[in-house]
Amino acid sequence: VQLQASGGGLVQAGGSLRLSCAAFGRTFSRYAMGWFRQAPGKEREFVASINWSGTSSYYADSVKGRFTIFRDNAKNTVYLQMNSLKPEDTAVYYCAADGGTSRWPGSYDYWGQGTLVTAPA
């Protein structure tokens, strides 16, 4: 499966963005999906994941209550709604597939190209 992330940009702290990740190729609805992020000089870290049906989702403590992951299997797309953005949310955001709902990046077999989110103070 090929993944294409989009929706990043520059937003003031406190603002909102919605990231999208479109899947092409194989059956999207079979895969759990995850969002990860990587800030300059830091390791890639887990943000959120969702099971194949969209009935279960998981979040890093740092984004819980501010970010929401959801999916539309009819559109082969997973989303990350980000509200109340903070400067520490600034990072390149990646979507990933076929890792269960794991928090470990190494569990995922497919990755999108990343989209940059910048939320300056």
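It should be emphasised that the depicted structure is a prediction, and the values quoted were computed from it without experimental measurement.
Residues Thr101 and Ser49 bring no donor and acceptor atom of their side chains to less than 3.5 Å of each other. In the model, Thr55 has a side-chain atom that pairs as donor or acceptor with a side-chain atom of Ser53 under 3.5 Å. In this structure, a donor-acceptor pair under 3.5 Å is absent between the side chains of Tyr79 and Arg18.
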**Message:** Could you walk me through whether Phe67 and Trp35 satisfy the ring-ring contact (aromatic ring centres under 6.0 Å, His included) test, starting with their C-alpha distance in whole Å, then the side-chain angles of each, then the deciding distance to 0.1 Å, before giving a yes or no?
**Reply:** CA-CA 11 Å; Phe67 291 10; Trp35 283 98; over 10 Å; no
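Remark: side-chain polar atoms of Thr115 are paired, donor with acceptor, to backbone N or O of Gly8 under 3.5 angstrom. Remark: side-chain polar atoms of Tyr59 are paired, donor with acceptor, to backbone N or O of Ile69 under 3.5 angstrom. At least one donor-acceptor pair closer than 3.5 Å links the side chain of Asn51 to the backbone N or O of Gly54. In this structure, the side chain of Arg71 does not engage the main chain of Thr77 through any donor-acceptor pair within 3.5 Å. Judged purely by atom type and a 3.5 angstrom limit, Tyr108 has no side-chain atom pairing as donor or acceptor with the backbone of Arg103. Not one N or O on the side chain of Gln4 forms a donor-acceptor pair closer than 3.5 Å with the backbone of Gly112. A donor-acceptor contact shorter than 3.5 Å links the side chain of Thr90 to the backbone of Pro87.
No more than 12 heavy atoms of other residues, nucleotides or ligands shown are found within 6.0 angstrom of CH2 on Trp52. Other residues, nucleotides and ligands contribute over 12 non-hydrogen atoms within 6.0 Å of the CD atom of Glu45.
Listed here is the closest heavy atom pair of Asn83 and Ser16: OD1-OG, 2.9 Å.
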